[in-house]
Amino acid sequence: MHINSKTKIADLIKFHPDALEAIITLSPDFKKLRNPVLRKLMAGRTSIAMASKIGGCKPEDFFEILKPLGFVSDNSVQEQDLVLRKSLKEFVKDIETSHIIPLDVRAMLTEGNDPLKLIQRHIKELKEGQVLKIINTFEPTPLIKLLEKQGFESYVDLIEKNLIETYFYRNKPAESIQQVAPEGIDGDWNQLLKQYKNRMIEVDVRHLEMPAPMMTILDELEKLEHDKALYVHHKRIPVFLLSELKDRNFEYRINEISGTEVFLLIFKK
């Protein structure tokens, strides 16, 4: 298989199963790829060039470690990096600098606050021709997937290991964009608790920093038996997760006790 700095990690793993363990030897940061849920969410979007910045290594290190597995590098690293930068330029080529709206959510995340409402407010206020630039410490894959469904294109620019800029550009009229609203709040909560009594797996994600709560819940759901439910202790209603649950054919109920205490019951349809 011919590879270059734009090759996605998912393609490497698909071509040769031993590629995963080879990649992990390059950096401790890559151990997260052993988590099948995280791998599914991230590997398809992450190129060798992006992974190199995350892991503090070089694309050439990937080429060398993968060579014994049948991968052939074209060695055009600098050229490919220029292509990546050019694609960003193409993405915003018709946008004036004054029309790129920056939103830095790193401080909110450090304080343990969810920036979703702030992001949604900025999204709602975007005028035609404007681009929202989210400044973050990780690639916001759940947000990207959520906003793609609402008519947004995106581009992720990995500046350095803990500095990522994600651009969102609306390609549909504002009136066609629908805000995501959680469903299944309360409802038949007590009835379902009785139904799944002694058949619930409990997980507490209140102490985890984003995006770990979502990753933990999805990981538990991968192992969940069909006749059981996952009972989740959370600090807030996880809107990104709810969209992912629908895609994975899970049902859920939400019991919001307060603004900082939420319980979820998740089960197979």
Side-chain angles (χ1 to χ4, degrees), residues 4-10 27 29-30 32-33 38 41-59 62 77-172 177 180 209-212 214-215 239-240 243:
N4 53 50
S5 60
K6 289 184 68 178
T7 304
K8 297 294 189 294
I9 301 302
S27 170
D29 291 305
F30 299 152
K32 298 175 183 178
L33 289 172
L38 185 59
L41 282 173
M42 302 298 293
R45 303 186 65 92
T46 304
S47 66
I48 288 178
M50 293 177 66
S52 298
K53 292 183 179 180
I54 292 172
C57 53
K58 298 178 294 184
F62 276 83
V77 180
Q78 292 183 347
E79 179 183 341
Q80 293 298 333
D81 284 344
L82 287 175
V83 170
L84 287 173
R85 289 290 171 178
K86 182 178 178 181
S87 65
L88 172 60
K89 186 177 180 180
E90 289 294 315
F91 183 81
V92 295
K93 65 179 180 179
D94 297 324
I95 309 298
E96 296 180 13
T97 303
S98 60
H99 288 177
I100 298 177
I101 312 301
L103 178 59
D104 192 334
V105 299
R106 290 175 293 178
M108 292 188 69
L109 292 170
T110 300
E111 295 168 358
N113 297 319
D114 190 342
L116 179 59
K117 289 183 179 179
L118 180 63
I119 293 172
Q120 286 182 322
R121 186 165 73 244
H122 277 72
I123 286 291
K124 188 176 181 180
E125 294 172 354
L126 275 185
K127 297 180 175 62
E128 185 175 353
Q130 288 185 330
V131 171
L132 181 63
K133 179 173 74 172
I134 304 292
I135 304 168
N136 202 353
T137 56
F138 57 87
E139 181 178 351
T141 304
L143 177 64
I144 291 170
K145 295 180 69 175
L146 181 64
L147 293 183
E148 280 178 352
K149 295 176 182 177
Q150 297 181 31
F152 283 81
E153 294 181 4
S154 63
Y155 181 88
V156 179
D157 193 15
L158 181 56
I159 307 301
E160 56 188 51
K161 183 175 180 179
N162 291 312
L163 178 57
I164 296 176
E165 296 177 349
T166 307
Y167 295 79
F168 292 99
Y169 178 80
R170 182 165 53 206
N171 56 22
K172 290 184 181 180
I177 305 299
V180 173
E209 296 182 3
M210 293 178 64
M214 180 173 174
M215 297 298 101
V239 178
F240 294 146
S243 175

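Keep in mind it's a predicted model, so treat the numbers as computed, not measured.
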- Under 4.5 Å between any side-chain heavy atoms of I144 and V156, yes or no? yes

- Would you say L147 and S154 make side-chain contact, with heavy atoms under 4.5 Å? no

- Using the six-membered ring wherever Trp is involved, compare the ring planes of F168 and F152 and label them parallel, tilted or perpendicular (cut-offs 30° and 60°). perpendicular

- In Å and rounded to the nearest 0.5 Å, what is the NZ to CE distance from K117 to M108? 10.0 Å

- Query: Do D157 and I164 pass the side-chain contact (heavy atoms from CB on, under 4.5 Å) test, and can you show the C-alpha distance, the side-chain angles, and the key distance before you say yes or no?
  - Reply: CA-CA 6 Å; D157 193 15; I164 296 176; over 6 Å; no

- Message: I want to check something: taking the side chain as every heavy atom from C-beta on, are L163 and T137 in contact at a cut-off of under 4.5 Å?
- Response: no

- Query: Can you name the one residue among I119, I123, V239 that meets side-chain contact (heavy atoms from CB on, under 4.5 Å) with L143?
  - Reply: I119

- Task: Decide side-chain contact (heavy atoms from CB on, under 4.5 Å) for H99 and V131; before the verdict, give the C-alpha distance in whole Å, the side-chain angles of both, and the deciding distance to 0.1 Å.
- Result: CA-CA 6 Å; H99 288 177; V131 171; over 6 Å; no

- Would you confirm whether the ring centroid of F62 sits within less than 6.0 angstrom of the ring centroid of F30? yes

- Message: Let's go through I134 and V105 carefully: what are the C-alpha distance in whole Å and the side-chain angles of both, what is the deciding distance for side-chain contact (heavy atoms from CB on, under 4.5 Å) to 0.1 Å, and is it a yes or a no?
- Response: CA-CA 7 Å; I134 304 292; V105 299; 4.1 Å; yes

- Query: Between the main-chain N or O of A49 and the side-chain N or O of S5, is there a donor-acceptor pair closer than 3.5 Å?
  - Reply: no

- Can you name the closest pair of heavy atoms from S52 and P59 and give their distance? OG-N, 3.2 Å

- Is there side-chain contact between I159 and E165, with heavy atoms separated by less than 4.5 Å? yes

- Note on the structure: Taking every heavy atom of G55 against every heavy atom of D29, the minimum-distance pair comes out as CA-OD2, 4.0 Å

- Full working for side-chain contact (heavy atoms from CB on, under 4.5 Å) between Y169 and L126: CA-CA 9 Å; Y169 178 80; L126 275 185; over 6 Å; no

- Does any N or O in the side chain of Q130 come within less than 3.5 Å of the main-chain N or O of K127, such that one atom is a donor and the other an acceptor? yes

- Message: Can you tell me if K8 has over 12 outside heavy atoms packed within less than 6.0 Å of its NZ?
- Response: yes

- Note on the structure: To the nearest 0.5 Å, atom NE2 of H122 lies from atom CG of L103 at 4.5 Å

- Query: Within a strict 4.5 Å, meaning less than it, do heavy atoms of the P102 and K133 side chains meet?
  - Reply: yes

- In Å and rounded to the nearest 0.5 Å, what is the CD1 to NZ distance from I48 to K6? 12.5 Å

